[in-house]
Protein chains: 2
Amino acid sequence: MPEFLSDNKKYYTPVEYVFSKIGGTYKMPILWRLKDKIVRYSELKKSISNVSDRMLSKNLKELCSDGFLEKKIIAEVPVRVEYSITEKGNNSIPIISALRDYGFSLMEKDGINKK
Amino acid sequence: MPEFLSDNKKYYTPVEYVFSKIGGTYKMPILWRLKDKIVRYSELKKSISNVSDRMLSKNLKELCSDGFLEKKIIAEVPVRVEYSITEKGNNSIPIISALRDYGFSLMEKDGINKK
DNA sequence: CTGAATCCCTCACGATACTG
DNA sequence: CAGTATCGTGAGGGATTCAG
């Protein structure tokens, strides 16, 4: 099995590396919503079901520092913060799209239908 | 956000459903190894770094009951157990392959090289 | 409005020992 | 050889409160 280090953490597969960057419950939903438009914090909060401020801000910060997103603070009153996707972020969209398609086909074969 | 139920668990995205089936540390590595050949338990154990018997057997059992793998017990002495991929399992290979490719490209851009 | 800080809890996973 | 049983741990995530 391959094996490599990043940030003092051991990885065994490239897939594992992908999930360390854009895995977890909320990162792909965030990227997906930003794929073709700029969105502010409160809009993300509203559009992603059940996400807490803690998880949303934590994931946004990580996606920014990993280069997938950009953050723009507009000094109005009240303050407005806009998030947009970078080119690196856009490179993740095809794989997310493929995962969605595969998910829908799996659900269909498993007899699950959306509400 | 979409929302649906399966096994009394709530899902919000198709991607989430995919990970509930083939996510976690070992399921994709297992599927990947079985994509073009039949492999027995001890061979899987050897080829997947650091996997414990507990996790390997647990994941194999789930993949079988979810229809991704098939298990064949050969009554020799000592006993031999072979795992093979099903058609449903094979449908997951393209997405795993795409995740691998994306992982390698991410690693390259992040300046990581395999040992 | 946009978060950060704190506390708690669950569950995936690891280690070890044991069995048909 | 191919697992199961048991116990322990840590990281991801939820709820709540506070702050610029």
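So that the names make sense, note that chain A is the first sequence line, chain B the second, and so on, each numbered from 1.
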Output a table of nitrogen or oxygen pairs between the protein and nucleotides 4-8 of chain D separated by less than 3.5 Å.
unit_1	atom_1	unit_2	atom_2	d
dT4(D)	OP1	Lys61(B)	NZ	2.8
dT4(D)	OP2	Ser57(B)	OG	3.2

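- Taking the ring axis of Tyr12(B) as reference, the NZ or CZ atom of Lys10(B) does not stay both within 45° of it and closer than 6.0 Å to the ring centre.
- Nearest heavy atom pair, residue Phe68(B) against residue Ile85(B), reads O-CG1, 3.6 Å.
- A straight line from NZ of Lys9(A) to C1' of dA11(D) spans 11 Å, rounded to a whole angstrom.
- Remark: Thr25(A) is in phosphate contact with dG13(D), judged by side-chain N or O atoms under 4.0 Å from OP1 or OP2.
- Atom CZ in Phe19(A) sits about 13 Å away from atom P in dG13(D), given to the nearest Å.
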For residues 39-46 of chain B, dump all side-chain donor-acceptor pairs below 3.5 Å to protein atoms at least two apart in sequence or in another chain.
unit_1	atom_1	unit_2	atom_2	d
Tyr41(B)	OH	Asp53(B)	OD1	2.7
Glu43(B)	OE1	Arg40(B)	N	3.0

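- Atom CD of Glu87(A) has 12 or fewer neighbouring heavy atoms from other residues, nucleotides or ligands inside a 6.0 Å radius.
- Among the heavy atoms of the strands lying under 4.0 Å from Val81(A) are primed sugar atoms or P, OP1, OP2 only; no base atom is included.
- What separates CG of Asn8(A) from C1' of dA11(D) is a distance of 17 Å, to the nearest Å.
- When all heavy atoms are compared, the tightest approach of Ser92(A) to Ile95(A) is O-CG2, 3.1 Å.
- Looking at heavy-atom distances under 4.0 Å, Lys71(B) makes contact with sugar-phosphate atoms alone, never a base.
- Between the CE atom of Met55(A) and the C1' atom of dT2(C) there is a distance of 17 Å, rounded to whole Å.
- One finds no salt bridge joining Glu70(A) and Lys72(A) here, because no Lys/Arg side-chain nitrogen approaches an Asp/Glu carboxylate oxygen to under 4.0 Å.
- Counting any heavy atom pair closer than 4.0 Å across all strands shown, Lys27(A) reaches no nucleic acid atom.
- Nearest nucleotide to the Arg40(A) side chain, out of dG20(C), dC1(C), dG14(D): dC1(C).
- As a whole-Å value, the separation of Asn50(B) CG from dT16(C) P is 13 Å.
- Put simply, Ser42(B) has a side-chain N or O that comes within less than 4.0 Å of OP1 or OP2 on dA2(D).
- When the side-chain hydrogen bond (donor to acceptor under 3.5 Å, both in side chains) test is applied to Lys88(A), the partners found at least two apart in sequence or on another chain are Asp110(B).
- For Tyr83(B), counting side-chain heavy atoms from C-beta on, the closest listed nucleotide (dG3(D), dC1(D), dG13(D)) is dG3(D).
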